[in-house]
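Per chain, numbering begins at 1; letters A, B, ... match sequence-line order.
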Amino acid sequence: MLFDFNVQTTIDKNYDFCIVGTGPAGITLARELSTSGKTILLLEAGGLNYSDESQDFYKCESVGHDGWPQYTRLRYFGGTSNHWSGRCRPFDSSDFDTQKINGLPGWPIQYSAVQPYLEEAMNILDLDIEQGFKPINKDLLKDHFSPDAFSKSPPTRFKGKYLSEIDAAKNIDCYYNATATDLTLDESHLTVTNIEISNYKNYKSTISANKFILCLGGIETPRFMLNCNNQIKAGIGNSNDMVGRCFMEHLNVPMGSFIYRNLDNTARMQFYTDDNFVSVINIGKSNVTLGIIKKVKSYGRTKAIKTFFKNLACKMEIEDKVQFISDFKCPGMGNIGTLIEQSPNLNSRVSLSKETDDFGLSRAKFDWQINDFDKKTIRETGMAMAKEFSSAGLGIVRLADFMLDKTLDIPFGHHNHHMGTTRMSENPKYGVVDKNSKVHELDNLYIAGSSVFSTGGACNPTMPIIQLCLRLAEHLKAKS
Amino acid sequence: MPQPINRRGFITTFLLVTAAPSTLANKSPYGASLTIPPKSMPDKFTPIDDKFVSVNGWILPTKTLTRGAE
Ligand SMILES: Cc1cc2nc3c(=O)[nH]c(=O)nc-3n(C[C@H](O)[C@H](O)[C@H](O)COP(=O)(O)OP(=O)(O)OC[C@H]3O[C@@H](n4cnc5c(N)ncnc54)[C@H](O)[C@@H]3O)c2cc1C
C-alpha cells in the first residue's frame, strides 16, 4: 500500500524489514522480500513526482573533480531510474579477481555469486533474454580489445513499471515524503532498533523493524550513515573510517579523434579491453567508443553557413583552423569516447560538509579524485587503441596532448555511476559491508546499491545492482 | 622504450606531415580535383616505439612514413 507521510502520519507497527529508498535497488528488494509474506516498510524521501524542494536535499559541497551529483541523481519515487539511459552489460568473472589495487583488496565474492541472478535481473530491466548481450564490430580488433557486448533496456522506469504493484502489495507499506534522518542503536551499539523519519514540514516519527536495508545511492548512503552520529561520533558502521571512502566513477575521457581509412565508413565502433592486456600491463578495464559525427547541429541560415564552412574547410583540408566557426568533423572523422574503470582510492571520498540542509543534517562533501593508477589506465588504453586501430587498417587515431605528455592534467567527465563508498570486504579494515552486504559491525543493517561495489569494472552498474539485490533478498529470506 | 628514428624516416615524415592525415585515407570524397594548400611545419614529432610515431598527436606506423601511404 502507498501512503503519503504528509497525510498519514501514524505508523505504529514493528516491521520485519525496513527498506530505505525506492530506486532500482529498494524496489527490487521490496518486491523480492514481499514474496516471503514478511511485513515490509518501504521509505521514500521524495514524493511521487519531481519537486525542487526534494531535489534541494541532494545539493553537495564539491571540492574535488565535480560530477554534478546534485542534478544527476533524482530524489523521488523510482529514484534515478526516472532518467537513466538503460545501457546494460554484466560484470565479467575477471571483475571479481581478488588482487589488490592501491593496497585495497577486490571483491570478496566470485562471479558465481551473482551470475545465477542475471536472467531475473534482465527480466526486471526488460532486456531481451534470447538476444542476450550482442557483440558489435566482431573481428575488427584482435590483440588487446574485443567487441563490446551490451543490451539496452527500454529504459525501464521503476515508478512506471512497479508503482501499482507496490500499491497493491498487502505486506508492503510504502511511505513517500518520508526522509530517513537517523538510526537508533541498542545499548551494545550492535543492533539498529529504530529509524527516524521526517516529512518536509519537519513532522517526525520513529519506527521499529527487525532488519534495515539502506538503498539511498552511492553518495546518499554514506552521507546518511555519517549523519547518524548521535550515539557514535564517527557515524554508524564507521569504526575503521571507511564509510564514504573509495568513491569511484566510470571515467569519460575525451582521448582524441580518429579518421577512418574508408571515408564512407560511418559505423560506430565499441570495444572492450581484453583481460590479458589489462592484467599484463596492470591497469583498469575500459570501454572505448569510436563514433562519427555526421551532422552540423543547427537549423536554417546558421546551418547553411556552418555547412558551407565545413565543406570548404574539409575540401581544403584546413578543418583544424576553421573549427572555431563550428564544431564539426569532416567525412570519415570522429571522436573517441570512453567508459574507464576507476580504481578504489582512499582519497576519493564522500564526507560531511559544514553546510546543512533544512533538516539540519550535514550535506555531502564530495571529493572525487583519480590517481596515478587511473592515469596509467587512461594513457595505456588510448595508446593501445591508437596502434591497434591503425594496424588493423581501420584508419588512424589522433591522441590529445595529455595522452602523450604525462606532465599535463587529464580532463575527464562522469557517467553518473556512483560506486564504492560502502565497499564490500572480507576484512572490516578495508570496507564497510561483508560478503552478504551486512554492515561489518552491526547485526541487522544491510546496504544495497553500487556503493557496495569493491571495484567497478567497465560495465554499467544498474544490472549488477539488481543482481546483488536479488542475492541479498534470497539471503535475508533464508535467514528469517 | 621509444626508439630513435633513422634519417630517411625523419625526412619522409617531414615531407609527409605537410599533407593532412585524411590523405592517408583510401579515397578522397571530393575526387581528383582536390588541391592541397601549402601547410605549416609539424609541431610535434615523437617516436613511440619501433613501430609507431606520433606526428602532432596522430599515431602513425613508422612504415607508413618511410614507404608513404599505401
Ligand atoms: C543520466 C543518467 C543516466 C544513467 N544511465 C545508466 C545506464 O545507461 N546504465 C546503467 O546501468 N546505469 C545508468 N545510470 C545509473 C543508474 O541510474 C543508477 O545505477 C541507479 O539508479 C541506482 O539505483 P539505486 O536504487 O541504487 O539509487 P537511486 O536510483 O539513486 O535511488 C535512491 C533512492 O533513495 C531515495 N532517498 C535518498 N535519500 C533518502 C533518505 N534519506 N530517506 C529516504 N529515501 C531517500 C531517493 O529519493 C531515491 O529514490 C544513469 C544515471 C544517470 C543520472
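The main-chain N or O of Q369(A) is found under 3.5 Å from a side-chain atom of N345(A) such that the two form a donor-acceptor pair. Using modelled atom types, one side-chain atom of R379(A) and one backbone atom of F402(A) make a donor-acceptor pair closer than 3.5 Å.
Ranking A386(A), G256(A), S390(A) against chain B, the residue ahead of the rest is S390(A), based on heavy-atom pairs under 4.5 Å.
No side-chain heavy atom of H250(A) sits under 4.5 Å from any side-chain heavy atom of Q342(A).
Of the two parts of M383(A), only the side chain, counted from C-beta on, holds a non-hydrogen atom closer than 4.5 Å to a non-hydrogen atom of chain B. Heavy atoms of L399(A) lying under 4.5 Å from chain B belong to its backbone as well as its side chain.
The aromatic rings of H144(A) and F277(A) sit parallel to each other, their planes meeting at less than 30°, with 60° as the upper class boundary.
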